[in-house]
Amino acid sequence: MPKEKTIHTEIGSYISALLRDHFGKGPTSVYVAFARPFITVHLRGFLTPTEKVLLKQNEPNRVLKIRDLLMSDLISEIKLGLWKIGELDVKEVYADWNLDHKSGMIIAVLNEEVDQGTFEWPKEVDENAFQEELVKASVKAQKAPGTTEIYWLNDRIILAKRTEILVAVEKELIKNGFGEELRIAKRPLERKVLAEVQLEATLKRKIIETFVEWNFETDKAYTAFILEPKK
């Protein structure tokens, strides 16, 4: 298997090329974090000329719908590509976008058990306090999660996994074919409530960006927090 640094570089190059081939333009920069079983790919400078026109016409939801459709078709390619790079057996792929920042986040979850011992939080950060604030945000948006797991991937990225978060009306909307509309409606709501709780206070750090995506079939969500670099 390639060395870790090479894997980071290869994953970044592969994702950039894949997006360029399917969207007509790739990101200007890619930052890859890899802490088994999680791979996060933070994209910056990612907005196509067509998407710029749609945004000028105040059509952000159309851009998001197109991206979601394209990404759903790319999941099998991403799984195959990561297997070729390092025999990485990808179980799930998630993606979210911040059109205002021209950025995005792709999260790949490997088909492996999580070893909690590999995710060490800084001593100055209270992990339990952060989790409590995250649960508060979930309650504001829908309800308390069945489970909440938080992983400090590195000094720039925190990844949270929540399960059993959908309420009855959301489940009915999904069952009746309105999953995409629900996804687009939930994204800004999630970001809003996450900004209203005291996550930054518990971290003693500024959160630059927040990305969230769901697997409606299994009733779970992953949220990635991009932290401001330490001064």
Side-chain angles (χ1 to χ4, degrees), residues 1-46 48 67-98 101-122 127 147-163 208-218 220-227 229-230:
M1 182 178 286
K3 292 181 180 179
E4 183 177 294
K5 189 174 182 181
T6 303
I7 287 180
H8 282 73
T9 303
E10 288 195 34
I11 291 173
S13 298
Y14 169 71
I15 295 295
S16 292
L18 185 69
L19 295 177
R20 185 168 57 250
D21 290 345
H22 288 81
F23 284 83
K25 181 187 182 301
T28 57
S29 69
V30 174
Y31 176 76
V32 177
F34 184 14
R36 304 186 84 104
F38 305 113
I39 302 169
T40 62
V41 184
H42 186 207
L43 315 166
R44 287 181 291 187
F46 184 52
T48 70
R67 285 194 178 190
D68 287 346
L69 285 171
L70 284 170
M71 285 304 300
S72 66
D73 281 344
L74 290 181
I75 288 175
S76 59
E77 288 192 48
I78 291 172
K79 289 181 177 181
L80 179 60
L82 295 185
W83 176 261
K84 288 180 177 178
I85 287 172
E87 296 185 359
L88 301 169
D89 183 12
V90 176
K91 180 180 180 182
E92 298 173 305
V93 177
Y94 298 80
D96 186 24
W97 317 99
N98 186 327
H101 290 184
K102 302 178 184 178
S103 60
M105 172 66 72
I106 295 173
I107 301 168
V109 183
L110 302 182
N111 191 23
E112 301 173 359
E113 293 296 324
V114 178
D115 181 2
Q116 289 281 2
T118 63
F119 298 95
E120 292 187 9
W121 281 62
E127 180 183 356
T147 64
T148 302
E149 301 168 10
I150 310 171
Y151 307 99
W152 186 278
L153 300 192
N154 60 30
D155 199 48
R156 290 181 56 184
I157 300 180
I158 298 172
L159 188 65
K161 174 187 174 183
R162 292 169 294 156
T163 66
I208 299 175
E209 289 190 276
T210 301
F211 299 95
V212 60
E213 176 61 319
W214 298 264
N215 183 327
F216 287 150
E217 291 182 3
T218 57
K220 79 178 112 176
Y222 279 95
T223 307
F225 301 94
I226 311 298
L227 306 183
K230 280 187 174 181

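From a predicted model like this one, the values you see are computed outputs, not experimental measurements.
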If you compare all heavy atoms of [X] against all heavy atoms of [Y], which two are closest, and at what distance to 0.1 Å?
| X | Y | answer |
| --- | --- | --- |
| Val30 | Ser16 | CG2-OG, 3.0 Å |
| Tyr14 | Glu77 | OH-O, 2.5 Å |
| Tyr94 | Glu213 | CD2-CG, 3.6 Å |
| Leu227 | Ile208 | O-CD1, 3.7 Å |
| Ile107 | Met105 | CG1-CG, 3.8 Å |
| Phe119 | Phe38 | CZ-CD1, 3.9 Å |

Classify the angle between the aromatic ring planes of Phe46 and Phe23 as parallel (below 30°), tilted (30 to 60°) or perpendicular (above 60°).
perpendicular
What distance do [X] atom [atom1] and [Y] atom [atom2] have between them, rounded to the nearest 0.5 Å?
| X | Y | atom1 | atom2 | result |
| --- | --- | --- | --- | --- |
| Ile157 | His42 | CD1 | NE2 | 7.5 Å |
| Ile75 | Glu92 | CD1 | CD | 9.5 Å |
| Tyr151 | Thr118 | OH | OG1 | 9.0 Å |
| Glu120 | Glu127 | CD | CD | 11.0 Å |
| Phe225 | Phe211 | CZ | CZ | 11.5 Å |
| Tyr222 | Thr163 | OH | OG1 | 10.0 Å |

Is the backbone of [Y] close enough, under 3.5 Å, to the side chain of [X] for a donor and an acceptor to pair up by distance?
| X | Y | result |
| --- | --- | --- |
| Asp96 | Val212 | yes |
| Ser13 | Glu10 | no |
| Thr48 | Lys25 | no |

Could you list all the salt bridge (charged side-chain N to carboxylate O under 4.0 Å, His left out) pairs where at least one residue sits in residues 106-115, not counting sequence neighbours?
Arg36-Glu112
Can you find a heavy atom in the side chain of [X] that is under 4.5 Å from one in the side chain of [Y]?
| X | Y | value |
| --- | --- | --- |
| Trp121 | Ile150 | yes |
| Trp83 | Leu88 | no |
| Val41 | His8 | no |

Given the rule in the side-chain contact (heavy atoms from CB on, under 4.5 Å) test, do Val90 and Ile78 qualify, once you have shown the distances and angles that lead to the verdict?
CA-CA 8 Å; Val90 176; Ile78 291 172; 5.5 Å; no
Side chain to side chain contact (heavy atoms under 4.5 Å, CB included) partner of Ile106, chosen from Ile15, Ile39, Leu74, Ile11:
Ile15
Salt-bridge criterion met for Glu209 and Arg44 (N-O under 4.0 Å):
no
Using the rule side-chain hydrogen bond (donor to acceptor under 3.5 Å, both in side chains), only one of Thr223, Thr148, Thr147 pairs with Arg162; which is it?
Thr223
